[in-house]
Amino acid sequence: MPKRASVACLVLWAPALDRAEIRGLMSAEERARYERFAEPADRARFATARALVRTAMGRATGVAPDLVRFDRRCRHCGGPHGKPWVPGAAVKFSLSHSGGRVVVALAEHAEPGVDVERIVGRQIARLAPRVLSARELLDLEAVPPRDRPAAYHVYWTRKEAVLKAVGRGLSSSLRGITVSGPDRPAELRHWEAEFGPPAIAMSDLRPGRGYAAALALETPGRIDLTERYLDDPLDAP
Ligand SMILES: CC(C)(COP(=O)(O)OP(=O)(O)OC[C@H]1O[C@@H](n2cnc3c(N)ncnc32)[C@H](O)[C@@H]1OP(=O)(O)O)[C@@H](O)C(=O)NCCC(=O)NCCS
């Protein structure tokens, strides 16, 4: 069997911080979004994600972080709600934040999708039938009740990572996607999509205790993953 080419993907983790130097990188539009968050924790996650992406994409494109320009036009419908990208840059990115975690995935010439979620136990019995495929639901029912919240979030992050890689977000059905279960490495098994689904490679990430996280990359190749944990988003390489 021919060996699949590998695509390098850098995943950067940072703690959610909110301080003047970090806020100072935001555009006027980002600042307005930041101001609309009432909760300090939401503000810190948002500001950190902007700083992490701006620092990493600034390094990748040779532009000062505060001067990086983003476009949010959806590549599927042209609407203004899409996955952000930097016009002209070979490096593509995806970001996610939850609880105290902020994560950005970067890859050259391949679209990444990353998702992190804090594991919470509430409402899983109600949510699972809306999110999981028939096969995944059966597998979740076989998991001991105390382990179900973690298992459910593994499924969720794997599916959301896939949708974020292709830029569709939650506008597409999560139940139409079947991923491997929590006892197996991350893998897209089946996608009943109304469009021709692209080749997707997946990897699990290490977000730390109390969180689930996954990475998807739009590529027929394998992922050559580097995961780095920064103390500060401004240290992004
Ligand atoms: C993308 C989405 C899944 C993120 O959900 P979430 O769990 O609340 O948030 P996360 O922290 O994991 O990710 C948020 C980031 O995802 C990115 N994002 C937004 N839309 C995206 C999309 N369509 N695809 C991939 N990434 C997207 C953004 O960078 C966003 O952060 P920012 O707004 O601060 O830049 C959700 O916002 C969504 O489904 N949006 C709708 C997209 C849509 O309607 N698309 C229509 C296609 S025709």
Side-chain angles (χ1 to χ4, degrees), residues 9 11-18 22-23 25-37 39 41-57 65 68-87 89 91-107 110-120 127 130-131 152-177 179 193-195 197-198 200 205 207 211-218 233 236:
C9 187
V11 170
L12 301 173
W13 291 93
L17 300 173
D18 189 354
I22 287 172
R23 286 191 297 273
L25 297 183
M26 286 191 262
S27 66
E29 189 200 337
E30 288 166 346
R31 185 69 196 213
R33 277 184 73 193
Y34 167 91
E35 302 284 354
R36 285 200 291 275
F37 290 113
E39 295 296 328
D42 291 331
R43 288 185 165 203
R45 274 193 292 271
F46 180 79
T48 301
R50 303 324 303 167
L52 196 51
V53 166
R54 283 185 168 280
T55 307
M57 290 305 293
V68 175
R69 295 276 166 269
F70 299 93
D71 195 331
R72 300 188 77 100
R73 239 171 322 137
C74 173
R75 71 168 142 137
H76 304 290
C77 72
H81 47 236
K83 178 179 185 171
W85 49 290
V86 174
V91 174
K92 316 291 174 197
F93 71 89
S94 174
L95 74 85
S96 184
H97 32 57
S98 180
R101 303 285 195 279
V102 179
V103 62
V104 172
L106 303 125
E111 287 286 353
V114 69
D115 193 49
V116 59
E117 298 289 338
R118 194 157 64 85
I119 296 168
V120 286
L127 292 173
R130 298 194 207 162
V131 168
Y152 170 80
H153 285 85
V154 168
Y155 283 118
W156 173 276
T157 52
R158 289 178 179 177
K159 286 160 174 260
E160 192 172 322
V162 169
L163 289 174
K164 288 176 81 175
V166 300
R168 292 196 180 255
L170 301 176
S171 65
S172 281
S173 161
L174 286 161
R175 288 176 61 200
I177 294 175
V179 291
E194 63 280 11
F195 50 88
I200 296 281
L205 299 175
Y211 290 82
L215 170 72
L217 197 63
E218 205 181 309

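Along the sequence shown, residues are numbered consecutively beginning with 1. Both ligands and their constituent atoms are indexed starting at 1 by order of listing.
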#### Entry: Neighbouring residues of ligand 1, heavy-atom cut-off under 4.0 Å
Arg33, Phe46, Arg50, Arg72, Cys74, Cys77, His81, Gly82, Lys83, Pro84, Leu95, Ser96, His97, Asp115, Glu117, Glu160, Lys164, Gly167, Arg168, Gly169, Leu170, Ser171
### Query
So, Glu30 and Arg54, do they make that salt bridge, N to O below 4.0 Å?
yes
### Message
So for atom CZ, which belongs to Arg175, do other residues, nucleotides or ligands contribute more than 12 heavy atoms lying within a distance under 6.0 Å?
### Response
no
### Message
Classify the ring geometry of Phe93 against Phe70: parallel below 30°, tilted from 30° to 60°, perpendicular beyond 60°.
### Response
perpendicular
### Task
Mark yes or no for whether Arg43, through its side chain, and Glu35, through its backbone, hold a donor-acceptor pair below 3.5 Å.
yes
### Ion pair Glu111/Lys83, N-O distance below 4.0 Å
yes
### Query
For Arg73, which residues count as a salt bridge (Lys or Arg N to Asp or Glu O under 4.0 Å) partner, sequence neighbours excluded?
Asp71
